[in-house]
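Have a look at the structure below, then the notes.
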Amino acid sequence: MRRILVTGGAGFIGSNFVRFWIDHHPEDRITNLDQLTYAGNVENLKAVESSPHYKFVRGDICDSELVRRLFHAEEVDTVVHFAAESHVDRSILAPDDFIRTNVHGTYTLLETARVYWLAARFLHVSTDEVYGSLGPEDPAFNEAAPYRPNSPYSASKAAADHLMRAYHHTYGLPAIITNCSNNYGPYQFPEKLVPLTIRQAIKGESIPVYGVGANIRDWIYVEDHCSGLEAVLERGKVGETYNIGGGNQWRNIDLVETICDLLDEKLGAGTSSRRSLIRFVQDRPGHDLRYAMDISKITRELGWRPRETLATGIAKTVSWYLEHQEWVERVITGGYRDYFETQYGSRLGRG
Ligand code: NAD
Ligand code: DAU
């Protein structure tokens, strides 16, 4: 039985991971430490909140006293570290929280692990963005690609990766890094491209595409990312880095048009296709042109590969958002925060 500390488990990928893990490994114990920033939503975890093997703790990964107490009290032997500020556009507007949480928060967890812990695994869930940007014909990033982060977000994740490496090299901490490409799927906060496009298209509102929409991302369905993390936690080698990707390189404009077409099919197009909602807007400063992941290492060594193509994954995702429009509206209006107060407020002495 593992005793896992998940950080950031109320966010998009973290909450998918917690549900995935409890489903596949019901014997393990999970403590979910999440500060509940704007991106954290405990409603995402309704399905597991009554499980005796699951516990939610609201708190900051930079709070070393809290982290130390949790390691002791929960006898943590595995860390799966998702907690981060994750939105590139926000990092361009205000980098401060990114440096604090992504760098100092990771340092706090590592330092606690170093001092108090004999562990099985400390996994940092990192990003392909640490490798910088590819040209149209460049080969995909492999694990030996140099780090060339271009945004405050990717620089902060790169710094966290470097700390992971240093703590393994210097102290022998059982650190593993995964670098993953763009995720999409259920429960993604609707400021990111896929859920934003779906909502705007459902509502008949403008869909903003940066520049000319020629930027390319390597899209992975979130459940595939979770199964990749499972492979690494179970069979990965300590001290190693594994790239995870979906093998689906799409231009933003093609992805947005596909979503419009899917919604036209499902809801009817009326007099004009939802493609007519697309608006080309001012580009993101320093916008990376292309990401693509070479996943041959994780496939060869751990036997993992993604299951979904973009066509199958995006169809599931569009259906999920159509069935969960209330969830989206509660997130947009901030109403999701009421659920925390109802569910946890009185237990924390505030109700
Ligand atoms: P998210 O923004 O949806 O969730 C982040 C979670 O971390 C939220 O629940 C938030 O409340 C929590 N958090 C933030 N600051 C905290 C703090 N100081 N203490 C405790 N909790 C805090 O992010 P996501 O898209 O689910 O990404 C999760 C992780 O995966 C991040 O580390 C991100 O860098 C990485 N990643 C994301 C993608 C992607 O496409 N979304 C791809 C590769 C890697
Ligand atoms: O590559 C992995 C990264 O993917 C993760 O590390 C990040 O945490 C995650 O947020 C994501 O970053 P991106 O910047 O790639 O995701 P985003 O959804 O913000 O943008 C995807 C692409 O779509 C990107 O090229 C910018 C573009 N875009 C985005 C928004 C929000 C638009 O054209 N219009 C938009 O309104």
Side-chain angles (χ1 to χ4, degrees), residues 6-17 32-42 44-45 57-63 66-67 80-92 97-98 100-102 104-106 108-109 124-131 133 141 149 151 153-154 156-157 160-161 177-185 187-197 200 206-220 222 225 228-229 243-246 250-253 255-256 278-284 287-293 331:
V6 170
T7 70
F12 163 47
I13 306 173
S15 64
N16 276 283
F17 177 83
N32 176 10
L33 172 62
D34 196 302
Q35 192 181 12
L36 299 184
T37 65
Y38 78 96
N41 182 353
V42 281
N44 302 356
L45 293 154
V57 177
R58 184 177 193 176
D60 184 351
I61 57 165
C62 300
D63 180 346
L66 169 65
V67 172
V80 189
H81 174 32
F82 295 93
E85 289 292 335
S86 72
H87 190 187
V88 176
D89 291 329
R90 286 182 188 252
S91 86
I92 294 168
D97 285 345
F98 288 74
R100 186 181 167 280
T101 289
N102 302 2
H104 197 80
T106 303
T108 304
L109 293 165
H124 180 223
V125 183
S126 191
T127 170
D128 57 0
E129 299 200 13
V130 298
Y131 298 128
S133 184
F141 297 121
S151 71
Y153 162 69
S154 54
S156 68
K157 293 296 288 188
D161 284 358
I177 299 167
T178 54
N179 295 94
C180 187
S181 61
N182 280 65
N183 286 226
Y184 67 97
Y187 297 103
Q188 186 165 29
F189 198 83
E191 67 186 1
K192 305 278 174 77
L193 181 67
V194 167
L196 177 79
T197 300
Q200 299 299 95
S206 302
I207 301 169
V209 172
Y210 297 163
V212 292
N215 303 71
I216 294 171
R217 297 292 182 264
D218 175 353
W219 294 95
I220 182 169
V222 64
H225 186 185
L229 296 174
N243 282 355
I244 300 179
W250 281 54
R251 292 192 314 157
N252 292 340
I253 186 64
L255 174 60
V256 167
I278 295 171
R279 300 285 178 274
F280 294 101
V281 300
Q282 192 182 8
D283 210 350
R284 172 185 281 174
H287 197 174
D288 284 340
L289 177 67
R290 174 174 164 242
Y291 306 136
M293 290 305 244
V331 169

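Ligands are counted one by one from 1 in listed order, and the atoms in each one are counted from 1 as well.
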So, is [X] polar-close to ligand 2, with some N/O to N/O distance under 3.5 Å?
X      : result
Ser86  : yes
Val194 : no
Pro208 : yes
Arg217 : yes

**OP:** Can you sort out the partners of Asp283 under side chain to side chain contact (heavy atoms under 4.5 Å, CB included), two or more places apart, ordered by chain and number?
**Re:**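 With sequence neighbours excluded, Asp283 shows a side chain to side chain contact (heavy atoms under 4.5 Å, CB included) to Tyr210, His287, given in chain and number order.
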**OP:** Report the residues that fulfil side chain to side chain contact (heavy atoms under 4.5 Å, CB included) with Ser151, sequence neighbours left out, ordered by chain and then residue number.
**Re:** Val88, Ser91, Glu129, Tyr153, Ser154
Can you tell which part of [X] has a heavy atom less than 4.0 Å from ligand 2: side chain, backbone, both or neither?
X      : answer
Arg284 : side chain
Asn252 : side chain
Val281 : neither
Asn182 : both
Glu129 : side chain

Looking at [X] and [Y], would you say the former's side chain and the latter's main chain have a donor-acceptor pair under 3.5 Å?
X      : Y      : result
Asn179 : Thr127 : yes
Arg279 : Ile207 : no
Ser15  : Leu45  : no
Asn16  : Val222 : no
Asn102 : Glu85  : yes
Asp218 : Met293 : yes
Ser126 : Ile177 : no

Just jot down the ligand 2 atoms closer than 4.0 angstrom to any heavy atom of [X], in number order.
X      : value
His287 : 24 (C), 25 (O), 26 (C)
His87  : 19 (O)
Val209 : 33 (O)
Leu196 : 36 (O)
Tyr291 : 1 (O)
Val88  : 12 (O), 14 (O)
Tyr153 : 5 (C), 6 (O), 7 (C), 8 (O)
Asp128 : 1 (O), 2 (C)

**OP:** List for me each residue that meets ring-ring contact (aromatic ring centres under 6.0 Å, His included) alongside Tyr187, sequence neighbours excluded, and say none if there are none.
**Re:**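 Partners of Tyr187 by the ring-ring contact (aromatic ring centres under 6.0 Å, His included) criterion, ordered by chain and then number, come out as Trp320, Trp327.
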**OP:** Rounded to the nearest 0.5 Å, what's the gap from CZ on Phe189 to CG on Asn41? Could you check?
**Re:**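 Output value for this atom pair is 8.5 Å.
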**OP:** Measure the spacing between CG of Asp60 and OG1 of Thr101 and express it to the nearest 0.5 Å.
**Re:** 6.0 Å
**OP:** Considering only non-hydrogen protein atoms, determine which one is nearest to atom 31 (C) of ligand 2 and report residue, atom name and distance to 0.1 Å.
**Re:**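 So the nearest neighbour among protein heavy atoms is Glu191 O, 3.4 Å.
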Original post:
Tell me: protein heavy atom nearest atom 18 (O) of ligand 2, and distance?
Top reply: Leu193 N, 2.8 Å
Original post:
Checking Arg217 against Tyr184: charged group under 6.0 Å from the ring centre and within 45 degrees of the axis?
Top reply: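 Ring-cation test returns no.
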Subject >> Of the listed options Tyr210, Phe12, Tyr131, closest to atom 30 (C) of ligand 2 (non-hydrogen atoms) >> reply: Tyr210
**OP:** Side-chain contact test, heavy atoms from C-beta onward, threshold under 4.5 Å: evaluate it for Gln200 versus Val256 and give yes or no.
**Re:**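 The answer is no, as the side chains (C-beta and beyond) never meet within the 4.5 Å cut-off.
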Original post:
Can you find a heavy atom in the side chain of Leu33 that is under 4.5 Å from one in the side chain of Val67?
Top reply: yes
Original post:
Which atoms form the tightest heavy-atom contact between Phe98 and His87, and what is the distance?
Top reply: CZ-O, 3.3 Å
**OP:** Sort out the contact shell of ligand 1: every protein residue with a heavy-atom distance below 4.0 Å, listed by chain and number.
**Re:** Gly8, Ala10, Gly11, Phe12, Ile13, Asp34, Gln35, Leu36, Thr37, Ala39, Gly40, Gly59, Asp60, Ile61, Phe82, Ala83, Ala84, Ser86, Thr101, Val125, Ser126, Thr127, Tyr153, Lys157, Cys180, Ser181, Asn182, Asn183, Lys192
